[in-house]
Amino acid sequence: MRPDRPGAAAPEVLHFRFSFAEVQPDPADLCCALGYPPGEVPEVALDAIQGIVERGEGHWSAHGGCVVLPDLGVDRARRRLAAGGLSFEAGEVVCGQLSRATEVAAFLCTVGPGIGDLMSALMSSGDPFTSYVASWMGSLAVERVADRLQEALGERAAARGLRLTNRYSPGYCGWPVSDQQKLFRLLPPGFCDVRLTETSLMQPIKSVSGFIGLGERAVENPYTCDRCEMANCISRTVRAARTAARPGPPR
Amino acid sequence: MHDVLEKLSRCVEHGKVDRSSAFPPELRGEPGADELCREALAGGVPPQQILSDALVTGMARIGERFARGKAFVPHMLLSARAMTAAMAHLRPFFASGEVRRRGVFVVGTVAGDLHDIGKNIVAMMVEGAGWEVVDLGVDVGAERFLAELEARPGAVVGLSAMLTTTMVNMAKIVADLRVRHPARQILVGGAPLDAEFARSVGASFYSPDPQGAIEHLRSLAA
């Protein structure tokens, strides 16, 4: 991980670059996400995974960063957040989860355009299966970028006696994806080389954005799937597959 | 049925693309969809029969297994890959009119949503059921659907949404389409949807799985 500070005059901006090795998905997680139980992964899937890995670093440009804003306001009654002079219709779940935070980090992470281009090329060539594998690999890799960023942010927060919440993204937990326009206004122009479409979708496609709360009483929950209606999200898929593979006492 | 068609449908069902494909292991070294489709054509089997008795049959089998929870997304995509390999040999016959499609299916993921796996699976299953598929991709607004429908008066529309936050966009697109196409068949699907939502927004049909959509399309084409 190589930290740099594009906003040297604005010290609240953090930015990190990562090698593919640092964010490469765990093969077991990838196989779970693809729907295969451990030990039952067919050769065709392993070959597809290996083939994408062997295409090398050129397909990956992993980086992420955040802006830490000290003025978080949470209006649980109206289900709104306020930060950086902007108001967000974040919804009941996100407002509830951030209610103990006093600051918020607006974050943005990406693995770059290469993996999306590869997915499109595979799809166009009549190979939806390998495209699907590449898609999951990109999704899990960008979550790894976000994990790394959250770890780095957590270390800095801990030094100030603060803790983090989970991270939350527009489009999930009832938070309209259109709020992504405002979220991007909190970030430096061209941050992480990610842009928004008119419909508030990020390009490159394998990018994630959102808020992480910080505060002395902030709480990171082990999981919040029961609070979200998204049936096919990454966390739910991998967690469910792992639980099925390794049954144990409920947490 | 010709033996070669049965073998071809089996290759499609199990995702065996060609002889070099190592998957599925039990068919290793055997000819795949690519070789068998060429063999069938060379043997004089009508292209329409290859489509109906092998490709449609193979995709229907994997679709039924998927609907029963006996097959999963990767299996469907492997089948689609094999079907595509065989379909490449039939494309000239579509162009010449020797093979007739059952209809046109215009499909896309709604504006604001970039989830395409479910949409892709439905598109491939519908193509495998003998329909011409016009895939508009992801993040598609009403204007693009309307433009496509102007050029294809009999086309059926398929809309996909994966997020509760983009279901509102789906509702708006259906409403916009209904203004100019009140009787048009509009199929909707996606993880957060249900039949009640489909009814409430004015869609014609909802199915929780691709096979339901296939069966509905089959009823339309009958």
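Here is how names work: the chains are called A, B, and so on, in the same order as the sequence lines, proteins then strands, and each is numbered from 1.
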Would you please test M202(A) and L114(B) for side-chain contact (heavy atoms from CB on, under 4.5 Å) and show each step?
CA-CA 9 Å; M202(A) 289 180 284; L114(B) 47 70; 6.0 Å; no
To the nearest 0.5 Å, what is the distance between [atom1] on [X] and [atom2] on [Y]?
{"X": "D139(B)", "Y": "Q203(A)", "atom1": "CG", "atom2": "CD", "answer": "8.0 Å"}
{"X": "I121(B)", "Y": "Y132(A)", "atom1": "CD1", "atom2": "OH", "answer": "6.5 Å"}
{"X": "H75(B)", "Y": "Y36(A)", "atom1": "NE2", "atom2": "OH", "answer": "5.5 Å"}
{"X": "D113(B)", "Y": "S200(A)", "atom1": "CG", "atom2": "OG", "answer": "12.0 Å"}

Please check if atom [atom1] in [X] has more than 12 non-hydrogen atoms from other residues, nucleotides or ligands closer than 6.0 Å.
{"X": "K182(A)", "atom1": "NZ", "answer": "yes"}
{"X": "E26(B)", "atom1": "CD", "answer": "yes"}
{"X": "R79(A)", "atom1": "CZ", "answer": "no"}
{"X": "R10(B)", "atom1": "CZ", "answer": "no"}

Using heavy-atom distances under 4.5 Å, tell me whether P128(A) contacts chain B through its side chain, its backbone, both, or neither.
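The answer is both parts of P128(A).
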Over all atoms of both residues, closest heavy-atom pair of W175(A) and T165(B):
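Closest approach of W175(A) to T165(B), heavy atoms only: O-CG2, 3.5 Å.
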Checking heavy atoms, do the side chain of M124(B), its backbone, both or neither come under 4.5 Å from chain A?
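For M124(B), side-chain heavy atoms alone lie under 4.5 Å from chain A.
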Which residue out of G126(A), S131(A), S135(A), A45(A) racks up the most heavy-atom pairs below 4.5 Å with chain B?
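Among the listed options, the one with the most contacts to chain B is G126(A).
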As an exercise: rank V133(A), V44(A), L201(A), T199(A) by heavy-atom pairs under 4.5 Å with chain B and give me the winner.
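Max contact count across the listed options: L201(A).
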Pick from M87(B), M76(B), R28(B) with the largest number of heavy-atom pairs that fall under 4.5 Å of chain A
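Looking at each of M87(B), M76(B), R28(B) in turn, R28(B) comes out on top.
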